[in-house]
Structures are given as C-alpha cells and as structure tokens.
Amino acid sequence: MIRKHIIITNPSGLSVDPACLLSKHARQYDCTATLYYKHYNINVKSMMHILSAALANGTEAELVCCGTDEEQCINDLCRLFAQGLEQEEP
C-alpha cells in the first residue's frame, strides 16, 4: 500500500472532464485507488464516485493505491494531479 498527499489544482476541481481522465487512468491498473477526504472514501476508478464528492480546486486529500502495480498507478495519478488534470492531447 502506497499513500501520497495530493492537492487538486484544476480550476474547476474534479468536474466531469478531470474526473473522466482520472478514472480512465486508474482503471488501467490492477490495484485499488482511493482518495480519502474528510469522511469520503472515493473509488478513483469510478467517475460517479469522484463526481459525487464534488472536490473543489485547492482541496487536499490522500491518495492510496494498493495492489499488484500500485507504484505505477500512484505515480501516474500523482503526475495527473501535478499537471492539473488537464486533458491530454491526442
């Protein structure tokens, strides 16, 4: 299990586009990926879970990955958070 502190820096927070990008990346890995914020345990592989938490710009949370490729997963997701969860160019 690996834990990392993240800050949401996307101006719109975890709205539809950032949530879609985040869950798309998380689903590529064979591990669990969970965001812990206050009383929320958010399954990062579920866009609906991400959206239901309504996390805003500036929110601090803990990202936890646990499983076979947890290190690759957490590095990829932390990279996305660091880049502001902007859509990637095709």
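Positions are given from 1, in the same order as the sequence printed here. Computed from a predicted model, the values in this text were never measured in an experiment.
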Worked verdict on L14 versus L51 for side-chain contact (heavy atoms from CB on, under 4.5 Å)
CA-CA 7 Å; L14 287 183; L51 290 173; 6.0 Å; no
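- To the nearest 0.5 Å, atoms CG (L85) and OG1 (T9) are separated by 6.5 Å.
- Y36 places none of its side-chain heavy atoms less than 4.5 Å from the side chain of L63.
- The two residues P11 and N57 come nearest to each other via the heavy atoms O-CB, 3.8 Å.
- Annotation: the span from T34 atom OG1 to N41 atom CG amounts to 7.0 Å, rounded to 0.5 Å.
- Looking only at side-chain heavy atoms (C-beta outward), L77 and I6 stay at 4.5 Å or farther from each other.
- By the 6.0 Å contact criterion, CD on Q72 is enclosed, its count of non-hydrogen atoms from other residues, nucleotides or ligands being greater than 12.
- Minimum heavy-atom separation, L21 to L80: CD2-CD2, 4.1 Å.
- Rounding to the nearest 0.5 angstrom, the gap separating the OG atom in S46 from the CZ atom in R27 is 8.5 Å.
- Here the CZ atom belonging to R3 is positioned 4.5 Å from the CD atom belonging to E62, to the nearest 0.5 angstrom.
- Two residues are said to be in side-chain contact when any heavy atoms from C-beta on lie closer than 4.5 Å; V16 and M47 meet this criterion.
- The NZ atom of K45 lies 10.0 Å from the CD atom of Q28; values are rounded to the nearest 0.5 Å.
- Residue Y40 is not grouped with residue V64 when hydrophobic side chains (ILVMFWY) are merged at heavy-atom distances under 4.5 angstrom, including chains of intermediate members.
- The minimum heavy-atom distance between N75 and K4, with the atom names listed, is OD1-NZ, 3.7 Å.
- I74 and I8 fall within the same hydrophobic cluster, where Ile, Leu, Val, Met, Phe, Trp and Tyr residues are linked whenever their side-chain heavy atoms come under 4.5 Å apart, directly or through other members.
- If you chain together ILVMFWY residues whose side-chain heavy atoms come under 4.5 Å of each other, Y29 ends up in a group of its own.
- Across every non-hydrogen atom of C20 and S23, the tightest pair is O-OG, 3.2 Å.
- To the nearest 0.5 angstrom, E70 atom CD is 7.0 Å from C31 atom SG.
- Checked options N10, I50, I42; the residue passing with L55 is I42 (criterion: side-chain contact (heavy atoms from CB on, under 4.5 Å)).
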